[in-house]
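First up is the structure itself, then whatever we jot down about it.
Computed from heavy atoms alone, side chains included, the values below leave out hydrogens, waters and symmetry copies. Since the model is a prediction, treat every value here as computed from it, not as a measurement.
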Amino acid sequence: LIRLTSTKVRNWDETTLTIPNSRFVSEVFVNYRTQNPKGGRRMRRTLRIDQRSIRQLTPSDLDRAAAVSELTKPVALCRAASTLAAAGGEAIVTNLGLFRAYVEHYLQTHRLVDRERPVVVRQNEPTAMGVPIDILCFFFDSELAEYESLQAGILDHFVAVTSIFGLRIYQSGSDLAVARDPYAFLADEELRLLRAS
């Protein structure tokens, strides 16, 4: 849609981009073909984890986690990734690494996530506002109401289960005394959250 002062472009992932017309004169734009004509919608969200809640997991912690059916595959992925990253040194697995593996596994097995498109769970550089965990995936359904409801439900689930991994979502102005009191790793009363998914 071309207007007097701006042009609105619909991207391949069904998002829209508004560009001031003045930029078309000063910059080069390449018109790419649709990357994936299947439709659907992209979800890209960031969870910020409080750095004070991240800790190394012991082998017994991992054995206990592997006994929980929803965590068997994430634990195996975590162990393999840490061994590869250690390159001959000691392999370290953290509760944040296990959480990332769980999120990726959850999305890979979700029936409404398009697994032919990228599913990425990425940890970014720590900041004063916590450790950002970027989540990227694509849904089959492109209806806006269903999309918003689906992504909200998935994010609610991820926020709720952080406590199972002994993690805390970062919140500006949090009480330091509360932040220093860690959540228990795999607290029995919290495991029901995994099974409700």
Practice problem: Take Phe139 and Ile154 through the test side chain to side chain contact (heavy atoms under 4.5 Å, CB included) and record every step on the way to the result. | Solution: CA-CA 12 Å; Phe139 300 125; Ile154 286 175; 3.7 Å; yes
request  = Decide yes or no on side chain to side chain contact (heavy atoms under 4.5 Å, CB included) for Val161 and Phe99, but give the supporting numbers first.
outcome  = CA-CA 9 Å; Val161 301; Phe99 175 70; 4.0 Å; yes
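Arg79 and Asp63 are joined by a salt bridge, as a carboxylate oxygen and a charged side-chain nitrogen come within less than 4.0 angstrom of each other.
With Tyr170 contributing its side chain and Leu47 its backbone, the two residues share no donor-acceptor pair below 3.5 Å. Of the possible donor and acceptor atoms, one in the side chain of Asn95 sits under 3.5 Å from a partner among the backbone N and O of Ser53. Looking only at distances, no side-chain donor or acceptor of Ser6 sits under 3.5 Å from a matching main-chain atom of Ile19. Put simply, the side chain of Ser149 never gets that close to the backbone of Glu146: no donor and acceptor are under 3.5 Å apart. Although no hydrogens or angles enter the test, the distance criterion places a donor-acceptor pair under 3.5 Å between the side chain of Asn21 and the main chain of Arg3. A donor-acceptor pair is defined here as one N or O able to donate and one able to accept, closer than 3.5 Å; no such pair exists between the side chain of Asp156 and the backbone of Gly153.
Interatomic distance, Ile164 CD1 to Leu98 CG, rounded to the nearest 0.5 Å: 10.5 Å. Within the model, atoms CD1 of Ile54 and OG1 of Thr94 stand 6.5 Å from one another, a figure rounded to the nearest 0.5 Å. Here the CD1-CD distance, from Ile92 to Gln56, works out to 5.0 Å after rounding to the nearest 0.5 Å. The CG atom of Leu112 sits 14.5 Å away from atom CZ of Arg41, with the distance rounded to the nearest 0.5 Å. The CZ atom of Arg52 lies 7.5 Å from the CZ atom of Arg168; values are rounded to the nearest 0.5 Å. Between atom CD of residue Gln108 and atom CG of residue Leu77 there is a gap of 9.5 Å, rounded to the nearest 0.5 Å.
By the 30° and 60° cut-offs, the orientation of the rings of Phe165 relative to Tyr102 is tilted. A parallel orientation is assigned to the rings of Tyr106 and His157, their planes being inclined by less than 30° (bins at 30° and 60°).
Scanning both residues, Arg100 and Val121, for their nearest heavy atoms gives O-CG1, 3.9 Å. Contact detail for Ala65 and Val75: the closest heavy-atom pair is CB-CG2, 3.6 Å. Nearest heavy atom pair, residue Arg45 against residue Tyr147, reads NH2-OH, 4.3 Å. Between Ala160 and Ser163, the shortest heavy-atom distance links the atoms O-OG, 3.4 Å.
Residues passing the ring-ring contact (aromatic ring centres under 6.0 Å, His included) test with His105, sequence neighbours excluded: none.
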Per-pair distances, 0.1 Å, donor-acceptor, side chain in residues 127-138, under 3.5 Å, sequence neighbours excluded:
| unit_1 | atom_1 | unit_2 | atom_2 | d |
| --- | --- | --- | --- | --- |
| Thr127 | OG1 | Met129 | N | 3.0 |
| Thr127 | OG1 | Gly130 | O | 3.2 |
| Asp134 | OD1 | Thr46 | OG1 | 2.6 |
| Asp134 | OD2 | Arg122 | NH2 | 3.0 |
| Asp134 | OD2 | Asn124 | ND2 | 2.5 |

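More than 12 heavy atoms of other shown residues, nucleotides or ligands fall within 6.0 angstrom of atom CZ in Arg115. When the shell of 6.0 Å around CD1 of Ile2 is examined, it contains 12 or fewer heavy atoms from other residues, nucleotides or ligands.
With contacts defined as side-chain heavy-atom distances shorter than 4.5 Å, the pair Leu57/Arg55 qualifies. In this structure, the side chains of His110 and Leu150 come closer than 4.5 Å at one or more pairs of heavy atoms.
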